[in-house]
2 protein chains.
Amino acid sequence: MEGSERIEAALGGKAESILAAAKRAFLANGFGAVSMDTIARDAGVSKATVYAHFAGKEELFGAVIGRECERRFDDLSVSELDPRTVRISLTTLGRRFLDFILSPDEIALHRIILGEVTRFPALGEVFWRAGPERNLAQIQAFMRTAATSGSLALPDTRVAAEQFVGLLRSKVQLLYLLRLESEPGQPTIGEVVENAVDTFIRAFGRSSASQGS
Amino acid sequence: MEGSERIEAALGGKAESILAAAKRAFLANGFGAVSMDTIARDAGVSKATVYAHFAGKEELFGAVIGRECERRFDDLSVSELDPRTVRISLTTLGRRFLDFILSPDEIALHRIILGEVTRFPALGEVFWRAGPERNLAQIQAFMRTAATSGSLALPDTRVAAEQFVGLLRSKVQLLYLLRLESEPGQPTIGEVVENAVDTFIRAFGRSSASQGS
DNA sequence: GTCTATACAGTGATAGAC
DNA sequence: GTCTATCACTGTATAGAC
């Protein structure tokens with residue numbers, strides 16, 4: 001244990017504190033509204049220590065965001081889904097996807113990326129590759145099995161995956177991003193998923209499983 | 001003409017210059033990266049004049065964004081669309097909608113709003129009411145006529161409108177927001193519209209018009 | 001209202017002791 | 001590596017003359 005502490009110290013436990021504090025500050029307030037002073041104080045170190053680990057504010061921001069993009073790997077576990085029970089599988093898949101993209105951290109990250117992509121153009125691709133692209137790949141994988149097994153009649157599995165995502169996000173993701181998620185009269189996540197699955201199966205369903213109650 | 005110049009001067013031609021300069025700066029760079037110095041210089045007035053018209057940077061920002069939200073009224077002209085030729089009408093409608101939300105000004109506004117909604121919580125509702133909500137209302141109006149005329153079998157016109165929008169935005173809006181619109185291998189706007197209309201008619205179409213080539 | 005000049009706070013970044 | 005103290009600079013905002 002003494003050894004592991006040694007190693008941790010050698011790797012820089014303070015670097016982790018700084019990154020953690022920077023993550024909290026940046027995700028909550030964006031780039032411009034956060035000062036290096038705040039980050040240093042919140043991390044329990046001096047400002048000079050921050051600069052000993054990171055060349056500047058922009059580099060620190062890039063490190064935080066890049067890390068955050070990589071960390072969040074949304075495993076939709078599509079291999080566990082049975083393509084023969086399409087409605088159930090699509091509902092599970094849709095629910096997992098929406099729970100992920102509507103989680104507070106993911107919404108905050110989404111806001112930051114879009115707000116700062118003009119100043120940090122590289123972030124756009126980093127975000128896309130780490131998030132939406134992976135999700136689409138997983139969903140497309142399920143679409144392929146469903147098409148192969150004959151449960152769905154899909155002219156193009158890639159387009160199908162993109163459209164299923166579009167049906168799921170509908171307006172609900174934008175409402176969350178705009179902080180309007182608790183407006184009265186809005187449908188629940190469960191209803192959004194149900195509606196998306198209904199429509200998707202109306203369009204591409206083949207078997208009697210497409211006729212739900 | 002002398003009179004109109006007088007009036008313009010009385011209303012403050014400089015206020016317009018300031019708002020115009022602020023709009024350019026804020027839409028291009030966000031809130032934090034813009035200084036009142038830049039705005040004043042770009043507007044051709046002194047900084048004190050800016051403060052004579054607007055209480056501070058935040059108020060100026062709010063004025064610019066609020067104005068921008070109101071200005072952009074996207075008239076989809078749904079009353080001109082014939083519900084009997086569903087495929088053509090949906091294609092026209094989808095094209096107009098996508099051309100609007102993917103226009104440079106709209107994309108820039110979208111980025112700013114999402115990036116600053118944490119600092120300016122009121123902007124979320126302003127944006128929603130002025131843009132997405134109006135678009136949805138117009139699209140829903142068309143869905144109603146299509147349902148009444150029997151061209152589409154829609155269980156819920158509101159949900160149908162939201163889902164049509166979801167199919168249209170699919171991933172293309174996010175790609176534009178992330179500045180990845182010119183990545184190779186991406187579908188054109190025309191293809192996105194076509195795919196959205198295909199799927200929508202597969203789900204809700206009734207007549208033989210749903211069987212396109 | 002408009003300008004020039006300036007006050008004042010806060011920022012990112014660094015020097016030097018330990 | 002880490003700290004305290006400080007730098008140079010930019011930012012918002014204002015005072016006073018016209």
Side-chain angles (χ1 to χ4, degrees), chain A residues 2-65 112 115-116 118-120, chain B residues 2-65 112 115-116 118-120:
Chain A
E2 188 200 338
S4 67
E5 282 173 6
R6 267 256 218 30
I7 291 173
E8 196 180 42
L11 289 175
K14 301 214 170 175
E16 285 304 319
S17 302
I18 295 167
L19 279 169
K23 172 190 164 183
R24 281 192 298 273
F26 284 137
L27 283 189
N29 302 106
F31 180 80
V34 172
S35 78
M36 296 294 263
D37 257 312
T38 312
I39 294 172
R41 198 182 327 127
D42 200 32
V45 301
S46 80
K47 209 164 29 163
T49 302
V50 176
Y51 280 93
H53 288 270
F54 302 93
K57 188 181 177 183
E58 302 204 347
E59 184 179 304
L60 178 55
F61 181 75
V64 167
I65 300 299
I112 305 295
E116 306 296 345
T118 307
R119 200 195 310 230
F120 303 92
Chain B
E2 189 200 338
S4 67
E5 283 173 5
R6 266 257 215 36
I7 291 172
E8 196 181 43
L11 289 175
K14 301 216 170 175
E16 285 304 319
S17 302
I18 295 167
L19 280 169
K23 172 191 164 182
R24 283 192 298 274
F26 284 137
L27 283 189
N29 303 106
F31 179 80
V34 172
S35 79
M36 296 293 263
D37 257 312
T38 312
I39 294 172
R41 198 179 329 126
D42 200 32
V45 302
S46 80
K47 213 167 16 168
T49 303
V50 176
Y51 281 93
H53 288 270
F54 302 94
K57 189 181 176 184
E58 302 205 347
E59 184 178 303
L60 178 55
F61 182 74
V64 168
I65 300 300
I112 305 293
E116 306 297 344
T118 307
R119 200 193 313 229
F120 303 93

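Throughout, protein chains are lettered first and strands after them, A, B, ... in sequence-line order, and every chain is numbered starting at 1. All of these numbers come straight from a predicted model, not from anything done at the bench.
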Rounded to the Å, how far apart are [X] [atom1] and [N] [atom2]?
| X | N | atom1 | atom2 | result |
| --- | --- | --- | --- | --- |
| B:Ile18 | C:dT2 | CD1 | C1' | 10 Å |
| A:Arg41 | D:dC3 | CZ | P | 14 Å |
| A:Phe31 | C:dT11 | CZ | P | 13 Å |
| B:His53 | C:dC3 | NE2 | C1' | 12 Å |

query: For A:Arg119, what residues pass the salt bridge (charged side-chain N to carboxylate O under 4.0 Å, His left out) criterion, not counting sequence neighbours?
result: A:Glu116
Min side-chain heavy-atom separation A:Ile112-A:Phe120 under 4.5 Å: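 No. Closest side-chain heavy atoms not under 4.5 Å.
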- prompt: Which residues within residues 20-29 of chain B lie with some heavy atom under 4.0 Å of an atom in DNA chain D?
  reply: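 Contacts with DNA chain D under 4.0 Å: none.
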- prompt: Do the side-chain N or O atoms of A:Thr49 get closer than 4.0 angstrom to the phosphate oxygens (OP1, OP2) of D:dG1?
  reply: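 For A:Thr49, the contact criterion (side-chain N or O under 4.0 Å from OP1 or OP2 of D:dG1) is not met.
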For [X] against [Y], the heavy-atom pair lying closest together:
| X | Y | result |
| --- | --- | --- |
| B:Phe54 | B:Ala63 | CE2-CB, 4.2 Å |
| A:Met36 | A:Gly56 | CE-C, 4.0 Å |
| B:Ala25 | B:Ile39 | CB-CG1, 4.3 Å |

task: Take nucleotides 4-18 of chain D nucleotide by nucleotide from the 5' end and write B, S or -, depending on whether a protein heavy atom sits under 4.0 Å from the base, only from the sugar-phosphate, or from neither.
output: B------SBBBB---
message: List the residues meeting side-chain contact (heavy atoms from CB on, under 4.5 Å) with A:Thr38, not counting sequence neighbours, and say none if there are none.
response: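 By the side-chain contact (heavy atoms from CB on, under 4.5 Å) rule, A:Thr38 matches A:Ser35.
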- request: Report the residues that fulfil side-chain contact (heavy atoms from CB on, under 4.5 Å) with A:Ala43, sequence neighbours left out, ordered by chain and then residue number.
  value: A:Ser17, A:Ile18, A:Ala21, A:Val45
query: Which residue pairs pass the salt bridge (charged side-chain N to carboxylate O under 4.0 Å, His left out) test with at least one member in residues 45-60 of chain A, sequence neighbours excluded?
result: A:Asp37-A:Lys47
